[in-house]
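As structure tokens, the structure follows; a few thoughts come after it.
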Amino acid sequence: MNDRYDAASIEPKWQRRWAEDHVAEVDTSIPGNEFYMLNMYPYPSASRLHVGHGRNYILGDALYRRERMAGRKALNPMGWDAFGLPAENAAIQSGVHPREYTLANIARMKEQLESLGLLYDWSKELASCEPSYYRWNQWLFLRMWERGLAYRKTAAVNWCPGCRTVLANEQVVNGRCERSDDLVEIRDLTQWFFRVTDYAERLLAGLETLTDWPERVKTMQRNWIGRSEGAEISFRIEALAEPIPVFTTRPDTLFGATFLALAPEHPAVAQLAARSGKRAAIEQFVEKVRRESRLDREAESGVKEGLDTGFVALNPATGEPIPVWLANFVLPEYGTGAIMGVPAHDQRDFEFARRFGLPIRPVYRTEEGELDPDVMTAAVPHVGFLYNSGEWNGTPCGPEAVRRAVEWIEQKGLGKGKIGYRLRDWLISRQRYWGTPIPAIHCRECGVVPVPDDDLPVLLPEDVEFRGAEGNPLEKSRDFVETTCPSCDGEGRRETDTMDTFVDSSWYYLRFLNPHDEKRMVDSERAERWMPVDQYVGGIEHAILHLLYARFVCRVLKDLRLVNLEEPFERLFNQGMITNLNPATGKIEKMSKSRGNTVSPDELIARFGADTVRLYTLFIGPPEKESEWSEEGVVGAFRFLNRVHDLCCRVHTMTREAAGQRDAADTPLTRFEHRTIRRVTEDAERFHFHTAVAALMEFQRAIAEAFDSRSEAEETLVRATKTLLKLLHPVAPHLTEEWWERLGERPFLLETPWPKFDPELAMTSRVTLVVQVNGRVRGKLDVERGEDEAAAVALARRNEKIRPWVEGKEITRAVYVPDRLLNLVVR
RNA sequence: GCCGGAGUGGCGAAAUUGGGUAGACGCACGGGACUUAAAAUCCCGGGGGUCGAAAGGCCCGUGCCGGUUCGACUCCGGCCUCCGGCACCA
């Protein structure tokens with residue numbers, strides 16, 4: 001019965017049987033040998049899987065299946081990041097309610113995931129747009145509000161005109177909206193924030209403990225948090241009652257500060273303007289800078305603009321008067337929004353001073369001499385030792401100088417040591433319908449009042465219309481907006497902002513343990529046993545968004561004593577993106593729907609079957625690296641599966657006569673088998689399925705050759721073939737399950753133990769010994785494993801390829817690596 | 001500028017974990033077998049240079065220069081290029 005390999009008839013059958021037997025379901029309440037595997041969950045608004053995304057899930061599934069075969073109780077749940085702008089934008093365009101649109105897309109994606117043979121524990125499935133999920137976003141928000149971790153403030157925020165909502169800093173990439181690519185505007189708005197800056201130090205410290213995270217992700221997070229040590233120093237302005245604090249990382253250069261510069265947005269600017277004869281000029285300058293786009297303002301090539309306010313501050317170290325300027329390069333959000341200008345030792349200050357003719361006062365000199373301000377062409381930031389600096393004179397430039405300066409400043413009461421961060425608080429308000437309503441009520445009498453726990457969830461209303469230009473549809477829903485104040489029973493107005501979808505994803509990994517629990521957000525006992533997630537698989541694009549927020553919220557939950565966990569994801573794997581030619585640009589780009597260079601797995605599955613698509617996706621290259629998609633390469637995977645199929649057919653119909661007669665424990669094929677088990681096991685542990693597949697291709701060929709040459713017994717051939725099926729199962733589950741059953745085995749291959757290898761048998765009995773003369777390969781010897789040095793040298797001298805190189809010469813030394821290499825050093 | 005990662009055949013890559021035959025495995029290509037023919041399948045070949053009729057030999061070769069070593073893709077020092085993150089962040 002040498003039938004053709006027909007994926008179309010095999011695959012649906014096994015997908016059905018896996019589903020009927022609920023093979024992926026795990027009881028999270030019963031202790032066991034837990035392994036928690038998680039894929040970053042898909043965004044159903046994107047609606048369709050393409051092979052670029054598929055890599056995530058296929059890799060995850062292969063890892064999951066292998067863990068199951070290794071005997072671990074492995075949890076592999078799937079959830080949907082179901083809120084978000086695409087669904088609402090689709091509603092505006094087509095009139096379909098976002099819920100309908102989202103649920104339809106979930107159904108469609110689920111079909112696609114199943115058609116690839118991906119096994120998820122669907123009993124734990126969740127979608128963040130369900131009230132049973134988002135009510136806990138609201139509950140968490142209220143707990144954070146109580147602790148001052150959720151708060152409202154008016155600030156200059158990022159506004160995306162395309163999405164008609166504000167964005168978090170993390171969602172602005174190069175001045176553009178991460179999702180719509182529109183240029184982001186700055187607007188002053190009152191918004192809700194999470195105080196992630198309170199956790200900056202813990203988030204940074206935790207990175208040190210994440211030894212199984214990719215270095216580049218940790219680097220990105222460190223850069224994003226942007227810690228810098230320095231000092232806050234107060235500068236007195238004669239016209240103002242309050243001194244102006246300034247943050248600097250170089251307090252050691254304080255004696256060289258020759259001007260003070262404020263951000264035009266600095267709160268003191270209005271007071272200065274009011275008391276100045278140049279009021280109009282100041283206001284005009286402030287207006288001009290504020291109109292400038294943030295992108296231009298932060299561009300390095302940007303010209304430094306400034307305005308002399310006419311006011312004078314005192315350098316706290318020298319007591320000398322220095323001018324107070326407004327400068328566009330001083331950013332309002334960083335530090336204190338004000339700087340001390342040290343032109344001699346800071347490049348930006350230098351450029352500013354040169355442009356506006358401000359004095360330059362060096363405080364560092366070298367043995368060669370002092371810096372001459374008149375001929376300097378650039379600032380000299382790290383050089384020599386201090387002078388011109390009172391009692392600090394003579395201190396060499398470096399951390400010691402900074403430490404001395406901070407001590408002195410603190411003693412004199414001029415300021416204090418301080419650590420600055422680049423990280424800003426997380427802006428979570430969104431002016432959109434399709435998200436978690438923020439549980440707050442505005443009351444004329446009581447102010448902003450939290451919704452009581454008993455009134456949760458605050459549900460999204462149904463009586464809404466999606467028009468787009470008119471703004472957030474929630475504002476138009478009377479049922480939603482009009483309410484009573486929980487505090488005074490008077491008239492209240494519900495908050496109409498909804499939460500950023502990243503709030504949903506920052507704790508979902510915990511919810512898979514009790515997805516239907518109506519009493520509490522987190523099951524602490526199960527979390528104690530299952531957390532942290534052992535293996536997280538996802539794309540690099542979440543390096544500072546989702547992964548930073550999730551680490552933050554995990555710490556908040558720890559402080560709320562809901563979990564005893566500082567880091568949610570023990571081991572992170574970022575698979576590289578799949579790239580493809582973009583017909584529009586002619587370039588190789590990341591495969592994505594918006595670029596129009598996607599390849600649908602559906603068509604490939606229809607042509608070659610899911611196993612081929614899976615195999616090829618894993619075979620294409622190392623998973624952590626970017627890989628270019630190639631349609632031609634797929635046939636190689638298809639051919640291999642056909643060969644496996646043919647081999648199984650032959651084994652299935654084999655008679656004793658067809659096989660060799662020798663039946664021994666130690667045969668060449670047995671040794672090959674054990675070597676292959678070792679290779680595949682080790683490769684799978686580091687996710688290198690591409691080399692594991694290469695090993696299986698060699699193994700397949702070895703079995704087929706043994707078959708042809710009748711050199712192995714029937715039992716050996718059958719066992720080798722079954723081992724091939726087991727090792728191949730994580731990659732090509734359907735074909736292997738089918739043959740596992742046809743060869744008379746029960747039950748699911750998925751539930752069959754992963755094969756073990758005998759280290760002794762995993763080595764060949766004869767080895768090729770490489771013979772070098774003076775480090776150059778001159779010949780090869782085929783010897784018994786474990787041959788001793790003297791015998792090897794004797795063999796080498798007699799070998800006709802090697803003899804000419806050693807004849808008549810003195811062997812001064814022989815380097816012998818048993819079973820590998822013999823190097824003869826001759827003179 | 002600071003930080004992180006990477007440079008190997010026509011292409012994707014392997015060997016880098018403990019220094020030990022560089023190019024496994026696959027794609028594409030060339031040749032052969034089977035076939036009336038084609039497809040499919042199977043087998044063989046291949047880094048570059050050079051000597052040879054051939055078998056085969058020699059030299060060079062993992063971004064560049066140098067070092068350590070019997071021996072370096074692998075370790076060390078110095079560069080170059082590319083990719084990614086941060087960046088007027090005081």
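Quick note on labels: first sequence line is chain A, next is B, and so on, each numbered from 1.
If you take atom P in B/G12 and the same atom in B/G7, they sit 12 Å apart, rounded to whole Å. B/C3 and B/G78 have their P atoms separated by 13 Å, with the value rounded to a whole Å. B/C58 and B/G4 have their C1' atoms separated by 44 Å, given to the nearest Å. For the C1' atoms, the distance from B/U69 to B/U74 is 13 Å, rounded to whole Å. The separation of B/C25 from B/A37, taken at their C1' atoms, amounts to 33 Å, rounded to a whole angstrom. A distance of about 41 Å separates the P atoms of B/G32 and B/G20, rounded to the whole Å.
Using a 4.0 Å heavy-atom criterion, one finds that A/V817 contacts the bases of the nucleic acid, with or without backbone contacts as well. Residue A/W629 is classed as having no contact, given no heavy-atom separation below 4.0 Å to the nucleic acid. Here A/R701 lies in heavy-atom contact (under 4.0 Å) with sugar-phosphate atoms only. A/Q772 comes within 4.0 angstrom of a nucleotide base, judged by non-hydrogen atoms across all strands. Counting non-hydrogen atoms under 4.0 angstrom, A/R216 reaches the backbone sugars and phosphates but no base. Within the 4.0 angstrom heavy-atom criterion, only backbone atoms of the sugar-phosphate kind lie near A/S228; the bases stay farther away. At a threshold of 4.0 angstrom between heavy atoms, the contacts of A/R778 are confined to the sugar-phosphate backbone, with no base atom among them. Using a 4.0 Å heavy-atom distance criterion, A/K625 is classed as a sugar-phosphate-only contact. Within 4.0 Å (heavy atoms only), A/P622 reaches sugar-phosphate atoms of the nucleic acid but no base atom. Using a 4.0 Å heavy-atom cutoff across all strands shown, A/R348 reaches at least one base atom of the nucleic acid. Within the nucleic acid shown, A/T249 comes within 4.0 Å of sugar-phosphate atoms alone, with no base atom in reach, counting heavy atoms only. Among the heavy atoms of the strands lying under 4.0 Å from A/R643 are primed sugar atoms or P, OP1, OP2 only; no base atom is included.
A salt bridge does not link A/E351 with A/R348: every distance from a Lys NZ or Arg NE/NH1/NH2 to an Asp or Glu carboxylate oxygen is 4.0 Å or more. Residues A/E208 and A/R222 are paired through a salt bridge, judged by an N-O separation under 4.0 Å between the basic side chain and the carboxylate. A salt bridge is absent between A/E624 and A/R216: the closest approach of a Lys/Arg side-chain nitrogen to an acidic carboxylate oxygen does not fall below 4.0 angstrom.
Of the candidates B/C89, B/C3, B/A22, the closest approach to any side-chain atom of A/Y334 belongs to B/C89. Taking the side chain of A/H690 as heavy atoms from C-beta on, and the options B/A14, B/C25, B/G20, the nearest nucleotide is B/A14. Across B/A14, B/C88, B/C25, the shortest atom-to-atom separation from the side chain of A/M697 is found for B/C25. Comparing B/C3, B/U21, B/C88 by their nearest atom to the side chain of A/T219 picks out B/C3. Of the candidates B/C88, B/C70, B/G85, B/G85 carries the atom nearest the A/M220 side chain, counting heavy atoms from C-beta on. Nearest to the side chain of A/L331, among B/G12, B/A28, B/C88, sits B/C88. Nearest to the side-chain atoms of A/R639 among the listed nucleotides B/C25, B/G4, B/A28 stands B/A28. For A/A694, whose side chain is taken as the heavy atoms from C-beta onward, the closest listed nucleotide among B/C42, B/U41, B/A24 is B/A24.
Remark: the A/N223 side chain and the B/C86 base include no donor-acceptor N/O pair separated by less than 3.5 Å. No hydrogens or angles were tested; on distance alone, nothing pairs the side chain of A/Q347 with the base of B/G1 as donor and acceptor under 3.5 Å.
Summarising the base pairing, B/C34 is matched to no nucleotide, lacking a Watson-Crick or G-U wobble pair whose two defining distances lie under 3.5 Å. Of the nucleotides present, B/G12 is the one that pairs with B/C25 by Watson-Crick or G-U wobble criteria, both distances under 3.5 Å. B/G1 and B/C86 make up a base pair, with Watson-Crick or G-U wobble contacts both under 3.5 Å.
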Inset, instruction - Carefully, step by step, assess A/E698 and A/R701 under the rule salt bridge (Lys or Arg N to Asp or Glu O under 4.0 Å). - result: CA-CA 5 Å; A/E698 290 178 55; A/R701 185 164 302 154; over 6 Å; no
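RNA chain B is contacted by both A/E632 and A/E305; A/E632 maps to the nucleotide lying nearer its 5′ end (nearest heavy atom per residue).
The shortest side-chain heavy-atom distance between A/L781 and A/T768 does not fall under the 4.5 Å cut-off.
Glycosidic conformation of B/G52: anti, with the torsion beyond 90° of 0.
No cation-pi contact links A/R355 to A/F352, judged by a cut-off of 6.0 Å to the six-membered ring centre and 45° from its axis.
Proximity of a side-chain donor or acceptor of A/R354 to a complementary backbone N or O of A/T377 within less than 3.5 Å is not detected.
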